[in-house]
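We use all heavy atoms of the structure for the numbers below, so side chains are in, but hydrogens, waters and symmetry mates are not. Keep in mind that what you see is a predicted model, and the values were worked out from it rather than measured.
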Amino acid sequence: MVAELERRYPPAWAEEWDRVGLVLGEPGGPVRRVLCVVDVVPETVAEAVDAGVDMIVAHHPLLLRGVSSVAPTTYKGRIIHRLIKADIALYVAHTNADVAEPGVSDALAARFGLTGLRPLHRPAPGSPAHGDGRGIGRIGELPEPMTLAELTRHAAAVLPATAWGVRAAGDPGRIVRTLAVSGGSGDSFLGDATAAGVDAFLTADLRHHPAGEHLATGGPALLDAAHWATERPWLDDLAALLRETTGVETLVSDLDTDPWTVHAAPPAADDKEPDREG
């Protein structure tokens with residue numbers, strides 16, 4: 001199992017700051033059932049235990065930053081102890097899966113039916129991930145042009161549902177033909193989207209000032225979706241890959257691990273109570 005994952009998503013393709021690969025478990029241990037998740041959190045670990053899986057393959061690293069203890073009195077320590085007691089291995093494919101072709105953003109692009117795909121941000125020449133269509137994000141053509149308002153509603157319909165939903169920045173009537181997408185946090189690629197000349201860029205975790213400055217300097221329209229929702233589509237591709245190449249039973253977690261759980265829009269102007277004269 002580890003060999004197949006590393007053949008498809010070589011750890012050398014990951015960013016230097018990333019932490020990918022086998023986190024828990026014996027490399028040669030038997031794997032009969034796998035659960036694919038975006039986040040390793042108590043809820044997805046409980047799902048794995050209940051399903052009787054032998055391995056979790058996660059997108060986000062559990063141990064991205066250094067820790068001085070994995071005692072069960074700590075949040076991550078409790079997760080690790082439960083996985084070890086249940087004899088569940090943990091494997092992470094993060095930025096090496098982002099840059100792969102096909103990878104995380106290919107699955108996101110497929111939700112919109114994009115064609116003519118090309119990378120949004122290519123790896124630097126000489127880096128292990130350079131070449132063969134690899135890169136962060138994807139740019140493609142929509143099947144039919146849409147206004148930004150229509151595309152925003154369409155995005156909310158085709159992406160996994162979250163309380164966050166999808167919000168957009170730009171002229172609602174702007175016609176969108178070319179769309180860039182990047183699963184996960186993408187505001188570091190605003191410049192790439194502008195340089196590519198796309199009509200709109202969909203990603204997650206967009207911040208106030210970078211987004212505002214981007215639009216003020218003529219950048220493409222922006223669509224901001226929940227982080228989890230932009231990466232969940234890849235799990236289906238990952239599960240299919242493992243099923244086809246290893247023959248193991250693969251499950252996909254649909255637990256919404258986005259931290260935002262409540263959304264309230266202001267009432268429409270027509271719904272507001274009229275002012276009353278005293």
Side-chain angles (χ1 to χ4, degrees), residues 1-23 27 36-40 57-66 90-112 114-141 178-198 200-207 210 214 219-220 222 225 227-228 230-238 240-242 245:
M1 178 62 65
V2 170
E4 179 56 35
L5 285 163
E6 297 194 345
R7 183 192 69 80
R8 187 64 192 84
Y9 309 112
W13 291 357
E15 297 288 338
E16 290 185 3
W17 52 263
D18 205 2
R19 298 293 179 266
V20 301
L22 188 65
V23 180
C36 303
V37 308
V38 173
D39 295 295
V40 185
V57 179
H59 185 49
H60 291 149
L62 174 64
L63 302 175
L64 181 59
R65 296 175 179 84
L90 172 60
Y91 189 93
V92 170
H94 190 211
T95 54
N96 49 331
D98 288 332
V99 78
E101 196 284 315
V104 172
S105 289
D106 292 283
L108 179 57
R111 292 290 178 112
F112 294 88
L114 299 185
T115 58
L117 295 183
R118 60 191 188 277
L120 172 64
H121 178 84
R122 297 178 187 273
S127 72
H130 182 73
D132 295 332
R134 290 187 289 272
I136 299 293
R138 293 293 181 267
I139 297 169
E141 302 288 328
T178 56
L179 177 65
V181 299
S182 185
S185 302
D187 64 8
S188 60
F189 306 114
L190 292 174
D192 295 281
T194 299
V198 299
F201 176 34
L202 180 143
T203 187
D205 301 339
L206 290 174
R207 295 173 294 160
H214 164 87
L222 301 175
H227 192 125
W228 174 83
T230 64
E231 295 177 328
R232 162 60 185 82
W234 172 68
L235 300 184
D236 293 324
D237 290 359
L238 171 64
L241 170 72
L242 295 178
T245 57

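- Taking the side chain as every heavy atom from C-beta outward, Leu242 and Val57 approach each other to under 4.5 Å.
- Between Phe201 and Thr178 there is no side-chain heavy-atom pair separated by less than 4.5 Å.
- Nearest heavy-atom pair, Ala196 versus Ile139, reported as atom, atom and distance to 0.1 Å: CB-CD1, 3.5 Å.
- Here Cys36 contributes atom SG and Tyr91 contributes atom OH; the two are 12.5 Å apart, rounded to the nearest 0.5 Å.
- Contact of the Asp205 side chain with the Asp187 side chain is not registered, since no non-hydrogen atoms from C-beta on lie closer than 4.5 Å.
- For Asp39 and Arg232, the salt-bridge test fails: no basic side-chain N is under 4.0 Å from an acidic carboxylate O.
- With values rounded to the nearest 0.5 angstrom, Leu179 atom CG is found 8.0 Å from Leu108 atom CG.
- Within the 4.5 Å cutoff, the side chain of Leu120 has no heavy atoms near those of the Ile136 side chain.
- Within the 3.5 Å criterion, the main-chain N or O of Pro220 finds no donor-acceptor partner in the side chain of Thr194.
- Rounding to the nearest 0.5 Å places NE2 of His60 at 12.0 Å from CH2 of Trp228.
- Taken to the nearest 0.5 Å, the OG atom of Ser188 stands 8.5 Å off from the CZ atom of Arg207.
- The main-chain N or O of Pro123 is never found under 3.5 Å from a side-chain atom of Ser127 such that the two would form a donor-acceptor pair.
- Taken from OG1 in Thr230 to CG in Leu202, the straight-line distance is 7.5 Å, to the nearest 0.5 Å.
- How far NE2 of His227 is from NE2 of His59: 6.0 Å, rounded to the nearest 0.5 Å.
- For the pair Gly140 and Leu117, the tightest heavy-atom approach, listed with the atom from each and the gap, is CA-CD2, 4.1 Å.
- Judged by distance alone, the side chain of Arg134 and the main-chain N or O of Ala129 form a donor-acceptor pair under 3.5 Å.
- Each of Val20, Asp98, Val99, Thr95 was compared with Glu15 under the side chain to side chain contact (heavy atoms under 4.5 Å, CB included) criterion, and only Thr95 meets it.
- The two atoms that bring Gly133 and Pro119 nearest to each other are O-CG, 3.3 Å, heavy atoms only.
- Contact of the Leu206 side chain with the Leu190 side chain is registered, since non-hydrogen atoms from C-beta on lie closer than 4.5 Å.
- With contacts defined as side-chain heavy-atom distances shorter than 4.5 Å, the pair His214/Leu222 qualifies.
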Item to check | Leu62/Val92 under side chain to side chain contact (heavy atoms under 4.5 Å, CB included): CA gap, chis, key distance, verdict | outcome: CA-CA 8 Å; Leu62 174 64; Val92 170; 5.8 Å; no
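- Although no hydrogens or angles enter the test, the distance criterion places a donor-acceptor pair under 3.5 Å between the side chain of Thr203 and the main chain of Ser182.
- Ser105 places a side-chain N or O within donor-acceptor distance of the main-chain N or O of Gly183, the cut-off being under 3.5 Å.
- A side-chain donor-acceptor contact under 3.5 Å links Asn96 to the backbone of His94.
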Checklist entry - Can you list the steps and then say if Arg111 with Asp106 is a salt bridge (charged side-chain N to carboxylate O under 4.0 Å, His left out)? => result CA-CA 9 Å; Arg111 292 290 178 112; Asp106 292 283; over 6 Å; no
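- Counting only distance, with no hydrogens or angles, the side chain of Trp13 and the backbone of Ala97 share no donor-acceptor pair below 3.5 Å.
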